[in-house]
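Lettering follows sequence order; numbering is per chain, from 1. Small disclaimer: the values here were computed from a predicted structure and weren't measured.
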Amino acid sequence: MPELPEVETVLRTIAPASRGRRVRRVWGSRQPLRGGQPVPVAALRRALAGRRLARWWRRGKYLLAAVEGGRSVLALHLGMSGRLRIQRPGEPRAPHTHLVLGLEGGLELRLVDARRFGTVLLLDARRLVHEPPLAALGPEPLGRGALRPAAFARALARRRGPIKNALLDQRLLAGVGNIYACEALFEAGIDPRRPAAELDAKEAAALLAALRRTLGRAIRHCGTTLRDHADGWGVRGRYQRLLRVYGRAGEPCRRCGAPIVQLVQAARSTFACLRCQR
DNA sequence: TAGAGCCTGCGG
DNA sequence: CCGCAGGCTCTA
């Protein structure tokens with residue numbers, strides 16, 4: 001499901017609904033999530049139970065939550081199919097529910113993830129940025145402290161392989177996934193197969209600007225719902241209607257009319273208009 | 001730096 | 001039935 005705009009959309013509903021509420025109950029499925037790691041229920045109970053959720057934020061595709069007076073930070077990654085929902089305790093639990101945080105005031109945060117590519121971690125608040133998994137993340141594309149064009153150009157110059165693959169590498173830039181990599185390359189008019197190191201400073205700056213515009217627009221439309229994505233209340237995103245290339249193989253380019261092609265790069269589908277993207 | 005692998009569900 | 005899916009990790 002989730003790239004930066006989808007995670008941001010979830011954050012913006014989860015945070016106000018749960019901030020300041022105490023965690024009353026912690027329940028975890030016993031099934032393994034990504035890497036065979038089950039939800040660390042006992043550690044979560046120790047770290048969270050009885051404490052107020054003080055702050056939620058996002059880093060790349062990770063959702064992070066700090067509790068008042070706690071030394072640990074809850075980190076959630078939604079993988080491909082993960083959803084985080086706010087529901088009442090009485091509502092039936094969806095299949096593949098892996099984590100439930102019961103909050104004071106009678107709300108529950110529920111993590112549902114059919115494919116189990118997501119993760120639930122408890123991180124040391126003091127070492128947060130120095131330890132995996134956050135230490136490995138590159139700069140954010142948006143907001144304060146965001147990646148700057150010159151640094152982006154320099155990083156690209158050092159890379160091997162196609163620009164599309166580079167955009168998916170979270171060490172270069174955190175939060176971009178397959179949809180927005182394709183969309184931003186279209187917006188910038190850059191062929192996804194071009195070697196990353198071949199882009200000049202001007203092209204790198206144009207690509208970064210296109211990424212920012214695309215991600216910002218997607219956030220304003222509450223993300224792209226192809227199948228699973230919804231905000232904390234279950235409201236679907238609307239950006240899928242605005243996709244220019246992703247998922248449109250064979251359909252005419254909205255700009256020039258040439259058919260959108262589907263390629264395979266790094267074992268993922270790439271969508272592009274090879275007339276507009278050079 | 002590619003490719004396989006991890007999982008389930010869905011659409012062709 | 002097969003192939004494919006919004007991610008990431010490990011292996012050659």
Inset, instruction - Taking heavy atoms of chain A and a 4.0 Å limit, find me the 5'-most and 3'-most nucleotide of DNA chain B within that range. - result: dT1(B) to dC10(B)
Inset, instruction - Pick the C1' atom in dT1(B) and in dG6(C), then give their distance to the nearest Å. - result: 23 Å
Legend entry - Pairing of Glu140(A) and Arg59(A) as salt bridge, 4.0 angstrom limit: yes
Inset, instruction - Compare every heavy atom of Gly79(A) with every heavy atom of Pro2(A), then report the nearest pair and how far apart it is. - result: CD-O, 2.6 Å
Inset, instruction - For Gln37(A), answer base if it contacts any base atom (sugar-phosphate contacts may also be present), sugar-phosphate if it contacts only those atoms, and nothing otherwise; contact means non-hydrogen atoms under 4.0 Å. - result: nothing
Inset, instruction - Using whole Å, report how far CG of Leu172(A) lies from C1' of dC8(C). - result: 16 Å
Legend entry - Test ring pair (Phe, Tyr, Trp, His ring centres under 6.0 Å) applied to Phe117(A) - qualifying residues, sequence neighbours left out: none
Legend entry - Nucleotide dG7(C), atom C1' - distance to CG of Leu167(A) in whole Å: 15 Å
Inset, instruction - Mind telling me whether Tyr62(A) and His77(A) have parallel, tilted or perpendicular rings, with 30° and 60° as the class edges? - result: perpendicular
List, with names and distances, any nitrogen or oxygen atoms from the protein found under 3.5 Å away from nitrogen or oxygen atoms belonging to nucleotides 9-12 of chain C.
none

Legend entry - DNA chain B contacts made by residues 118-125 of chain A, counting heavy atoms under 4.0 Å: none
Legend entry - Rounded interatomic separation in angstrom, taking CZ from Arg83(A) and C1' from dG7(C): 17 Å
Legend entry - Distance in angstrom units between Ile179(A) CD1 and dA5(C) C1', rounded: 10 Å
Inset, instruction - Kindly say whether Val176(A) contributes a backbone atom to a donor-acceptor pair with the side chain of Gln170(A) at under 3.5 angstrom? - result: yes
Inset, instruction - Please collect all salt bridge (Lys or Arg N to Asp or Glu O under 4.0 Å) contacts where either partner lies in residues 171-184 of chain A, sequence neighbours excluded, each pair once. - result: Asp169(A)-Arg171(A)
Inset, instruction - Identify whether any heavy atom of Ala114(A) sits under 4.0 Å from a base atom; if not, whether one sits that close to sugar-phosphate; answer base, sugar-phosphate or nothing. - result: sugar-phosphate
Inset, instruction - Applying salt bridge (charged side-chain N to carboxylate O under 4.0 Å, His left out), name anything that partners Arg52(A), two or more places apart in sequence or on another chain. - result: Glu68(A), Glu104(A)
Inset, instruction - State yes or no: do Leu33(A) and Leu48(A) share one hydrophobic cluster built from I, L, V, M, F, W and Y residues joined by side-chain heavy-atom distances below 4.5 Å, directly or via other members? - result: yes
Inset, instruction - Toss me the dot-bracket line for DNA chain B: Watson-Crick and G-U wobble, both under 3.5 Å, 5' to 3', using | for pairs to another strand and [ ] for crossers. - result: ||||||.|||||
Legend entry - Same-atom distance (P) from dC7(B) to dT11(C), integer angstrom: 16 Å
Legend entry - Side-chain N or O of Gln170(A) closer than 4.0 Å to phosphate OP1/OP2 of dG7(C): no
Legend entry - Face-on cation placement of Arg25(A) at Trp27(A) ring, 6.0 Å and 45° thresholds: no
Inset, instruction - Taking only the side-chain nitrogens and oxygens of Lys61(A), find out if one of them lies under 4.0 Å from OP1 or OP2 of dG6(C). - result: no
Legend entry - Spacing of Leu168(A) atom CG relative to dA5(C) atom C1', expressed in whole Å: 14 Å
Inset, instruction - Write down the distance between OH (Tyr246(A)) and P (dA5(C)), rounded to a whole number of angstrom. - result: 6 Å
Legend entry - Pairs meeting criterion salt bridge (Lys or Arg N to Asp or Glu O under 4.0 Å) with involvement of residues 29-41 of chain A, two or more places apart: none
Inset, instruction - State which residues pass salt bridge (charged side-chain N to carboxylate O under 4.0 Å, His left out) with Arg194(A); sequence neighbours excluded, sorted by chain then number. - result: Glu198(A), Glu203(A)
Inset, instruction - Taking salt bridge (charged side-chain N to carboxylate O under 4.0 Å, His left out) as the test, write out the residues that go with Arg255(A), two or more places apart. - result: none
Legend entry - All pairs passing ring pair (Phe, Tyr, Trp, His ring centres under 6.0 Å) where residues 135-155 of chain A contributes a residue, at least two apart: none
Legend entry - Test item: Arg227(A) side-chain N/O and His229(A) main-chain N/O as donor-acceptor pair under 3.5 Å: no
Inset, instruction - Would you please confirm or rule out a distance under 4.0 Å between OP1 or OP2 of dG7(C) and any side-chain N or O of Arg268(A)? - result: yes
Legend entry - Leu134(A) CG to dC8(C) P, straight-line distance once rounded to whole Å: 12 Å
Using residues 261-278 of chain A as the side-chain source, report each donor-acceptor pair under 3.5 Å to any protein atom, sequence neighbours left out, with the distance given to one decimal.
from	atom 1	to	atom 2	distance (Å)
Gln262(A)	NE2	Ser269(A)	OG	2.7
Gln265(A)	OE1	Thr270(A)	OG1	2.7
Gln265(A)	NE2	Pro192(A)	O	3.2
Thr270(A)	OG1	Lys164(A)	NZ	2.8
Gln277(A)	OE1	Cys273(A)	N	2.8
Gln277(A)	NE2	Leu185(A)	O	3.4
Gln277(A)	NE2	Ile190(A)	O	2.9
Arg278(A)	NE	Arg275(A)	O	3.2

Legend entry - Closest-nucleotide ordering on DNA chain B, the 5'-leading residue of Ala267(A) and Arg159(A): Arg159(A)
Inset, instruction - For Asn165(A), answer base if it contacts any base atom (sugar-phosphate contacts may also be present), sugar-phosphate if it contacts only those atoms, and nothing otherwise; contact means non-hydrogen atoms under 4.0 Å. - result: sugar-phosphate
